[in-house]
Protein chains: 2
Amino acid sequence: MPEPVLKSTQAALVARLRREIAAGELQRGDRLPPEREMADYFGVSRARLRQALDQLEGEGALFRRRGQGTFVQPPPATDAAGLHRLARRVRPQDVMEVRLEIEPALAGLAALRANEKARAVFAEVAQATLDAPDQQSYEIADDIFHYKIAEMAQNPLFLTVYESIRSVRQQAMWTRTRAETYSAEVTSVLGQQHQRLAKAILNGEAEAATEAMRDHLICVSRTLMQAGPVVPQKTGDPCS
Amino acid sequence: MPEPVLKSTQAALVARLRREIAAGELQRGDRLPPEREMADYFGVSRARLRQALDQLEGEGALFRRRGQGTFVQPPPATDAAGLHRLARRVRPQDVMEVRLEIEPALAGLAALRANEKARAVFAEVAQATLDAPDQQSYEIADDIFHYKIAEMAQNPLFLTVYESIRSVRQQAMWTRTRAETYSAEVTSVLGQQHQRLAKAILNGEAEAATEAMRDHLICVSRTLMQAGPVVPQKTGDPCS
DNA sequence: ACCTTGAACCAATATAAGATTGGTTCAAAA
DNA sequence: TTTTGAACCAATCTTATATTGGTTCAAGGT
C-alpha cells in the first residue's frame, strides 16, 4: 500500500524545509527565496518543491502570495509604498484607536465563518503564542495570531484594511518602543488572553470572541502607553 | 479703509470660480484643471488664483491634495491602482460589513474632535443632502457628508481606511445597481437621518452620533439589498 | 500506463523612471 | 509694498520592465 521511495523523499523534503526554516538558516529576513531558486538549491523539481510548500502552507507555517513571494510571517500589505509615508504621521494612539474598532469585529466574524481546516491551523498558532520562549518569538506568534483571525473573517476588504493597519504598525518608528515595553509577565498575561479568545473563536461564539478581542486590545493599549487615553469608558480592568 | 481694486477683483474671481464650478462648465468629471492651466485660463497669476482656491477650500467647496489635484468631490484614495483590483473581488455585503464597523466609530470621534471651522463646513454639507433636487445630487452630497465625518475624526490612519472603503465602493460595478435602487422617498428618509446624525455631531454627543450612524447604515444596507444578511441582531427598524 | 520533469506561459505584484500637480520660496517688476 | 513669474520642492500618478507564485502541457523516464 505505501509508496516508499517517492513519498519518503517528499516527506524528507518537507522535514528538511521545516528544519531549515525553524533554524533560520534558509530564511533571510522574512521572505524565503523564490521557488525556482529553492528548487535548484534543494536539487528537486519545482513541482516537487511546490508540493512540499503546499503542505507547509496548509499547516499555517507559510504564507504565499502571487507576485510577492513565500513568507514565514504574513506577507506585507499590497501597496506598502504608500503606507510607508503614512506611518510617519501616525501616532500609537491612532493605531490602537483603529484596531479597537476593527479587530473585535474581525474576531466575531472569524468565529462565525472559519472553516474546519482554518480552525485547525488557528489552534496551533494560538498555542504557539503560549509556548513562545522569548519575547521576540512572542512578537512573531502574536502577529500571525492576529493575521489568521483577519483571514478567517473571509472578507477581502476587511483583510485589506487589517493589512494596512498592520503595515503601518510595523513600519512606525515607535515599534521599537513597544518591543522594549513588553516584559515576560506581560506576554504571559497576553498569551492567556489569546487562549480565551482562541477558545471563543474555535467554539463559534461570536459575541464572546468580540468581547475577548476588545479586552485584549485594551490591555495592549494600556501596556503600550501607561494611562493611555485610547478608550474613554470601560467597565472592569481586563488587565488582571 | 477698503482697498477697492484688488479686493474686488479677488472677490470677483472667487465668485466666477464658484459660478463655473456650480454650473459644471469648468468642472470636467470630478477634478478641476491644474492650477497653472486655470490661472492662464482666467488670466490671473497663479498666486492670485490660489488665494481664491484657498477661500473655496476653506468653505468646504473644494478639496486639494498635492500630487493629485483639486476636486469638487473628495479626492480619490492614495493608492487607487491596488484598490481597483480589489474592487472586483468584493461583494456589496462585504463593503457594508466594514462600513458598519468603521463609520459609527468615526462619527463618535468626529463629535468629540471636530474644531469650530470644520463644524461650520459640516453643517452646510449636511443641509445640502436635504436640499438635493435630484438623485444624482444626493449621491454627491452624501459622499461629501460621509467623507467630512471621516476627516473630522482627525486620525490619519482611520481616514486612510475610510478612503480605501470609499474607493472600493465607487469602483465596484454594483455601484450602478445602487444608483438605480434609490428612490426619491428613500433619499428623503436618508436625508432626515443625516440631519439627526449631523445634529449629534455638532452638539458633541459622541454616543448619539455613533448610534445615529449605525442606524443610518443599517437602513442603507437594507435598502441596498432587500432582506440583506448584513447585520445579525438589531432591536428596532431604523428605516421608519 | 503512470509519473516526473522541464519549460513555457499566465496572473498579480514589485520596482524604477519620468511626468504631473499642489505647495513654497524668492528675486524682479509694477 | 504688492504682484508677478519662475524656479524649486514634495507627493502622487503613470508607464514600462522585472520578479514571483500559479498553471498547463508535451517530452522523457520509471
Side-chain angles (χ1 to χ4, degrees), chain A residues 3-10 13 28-54 56-58 62-72 74-89 156 160 163 167, chain B residues 3-10 13 28-54 56-58 62-72 74-89 156 160 163 167:
Chain A
E3 303 133 15
V5 180
L6 299 180
K7 287 283 182 178
S8 66
T9 58
Q10 184 69 8
L13 178 59
R28 211 179 287 171
D30 290 337
R31 194 177 82 184
L32 273 58
E35 292 181 352
R36 293 165 179 82
E37 285 185 23
M38 276 198 285
D40 192 54
Y41 173 77
F42 286 112
V44 299
S45 72
R46 194 179 157 211
R48 202 174 267 289
L49 176 76
R50 280 182 58 78
Q51 288 180 10
L53 291 177
D54 286 343
L56 289 174
E57 186 186 19
L62 293 182
F63 297 78
R64 289 194 289 180
R65 189 171 291 178
R66 184 187 300 187
Q68 287 187 321
T70 304
F71 302 84
V72 179
T78 323
D79 42 357
L83 294 175
H84 186 287
R85 293 168 280 218
L86 177 65
R88 291 177 303 185
R89 292 184 301 166
T160 300
E163 285 181 346
S167 177
Chain B
E3 304 132 14
V5 179
L6 299 180
K7 288 283 182 179
S8 67
T9 58
Q10 185 69 7
L13 178 59
R28 210 179 288 171
D30 291 337
R31 196 177 81 184
L32 273 58
E35 291 180 352
R36 292 164 179 83
E37 286 185 21
M38 275 197 286
D40 192 57
Y41 173 77
F42 286 114
V44 299
S45 72
R46 194 179 157 210
R48 201 176 268 290
L49 175 76
R50 279 182 58 79
Q51 287 180 11
L53 292 176
D54 286 343
L56 289 174
E57 186 186 20
L62 293 181
F63 296 77
R64 288 194 289 180
R65 188 170 292 179
R66 182 187 301 187
Q68 289 187 319
T70 305
F71 302 83
V72 179
T78 325
D79 43 355
L83 295 175
H84 186 288
R85 305 164 206 150
L86 177 64
R88 290 178 304 185
R89 290 185 302 166
T160 300
E163 285 181 346
S167 176

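Lettering of chains follows the sequences in order, A, B, ..., and the numbering in each one begins at 1.
With rounding to whole Å, A/Gln51 atom CD is found 9 Å from C/dT5 atom P. Atom pair A/Phe42:CZ and C/dT5:C1' shows a separation of 19 Å (rounding to whole Å applied). Here the C1' atom of nucleotide D/dA11 and the CZ atom of B/Phe71 are 13 Å apart, to the nearest Å.
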side-chain contact (heavy atoms from CB on, under 4.5 Å) assessment of B/Met38 paired with B/Leu32: CA-CA 8 Å; B/Met38 275 197 286; B/Leu32 273 58; 4.1 Å; yes

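For A/Glu37 against A/Pro33, the heavy-atom pair with the smallest separation is OE1-CB, 3.9 Å. Nearest heavy-atom pair, A/Leu13 versus A/Leu49, reported as atom, atom and distance to 0.1 Å: CD2-CA, 4.1 Å.
Applying the salt bridge (charged side-chain N to carboxylate O under 4.0 Å, His left out) test to B/Glu35 and every residue at least two apart in sequence or in another chain returns B/Arg46, B/Arg50, B/Arg64. Judged as a side chain to side chain donor-acceptor pair (under 3.5 Å), and not counting sequence neighbours, B/Asp40 has no contacts.
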For a quick check, with a 4.0 angstrom heavy-atom cut-off, what is the B/S/- contact string for nucleotides 19-27 of chain C, read 5' to 3'? --BBBB---

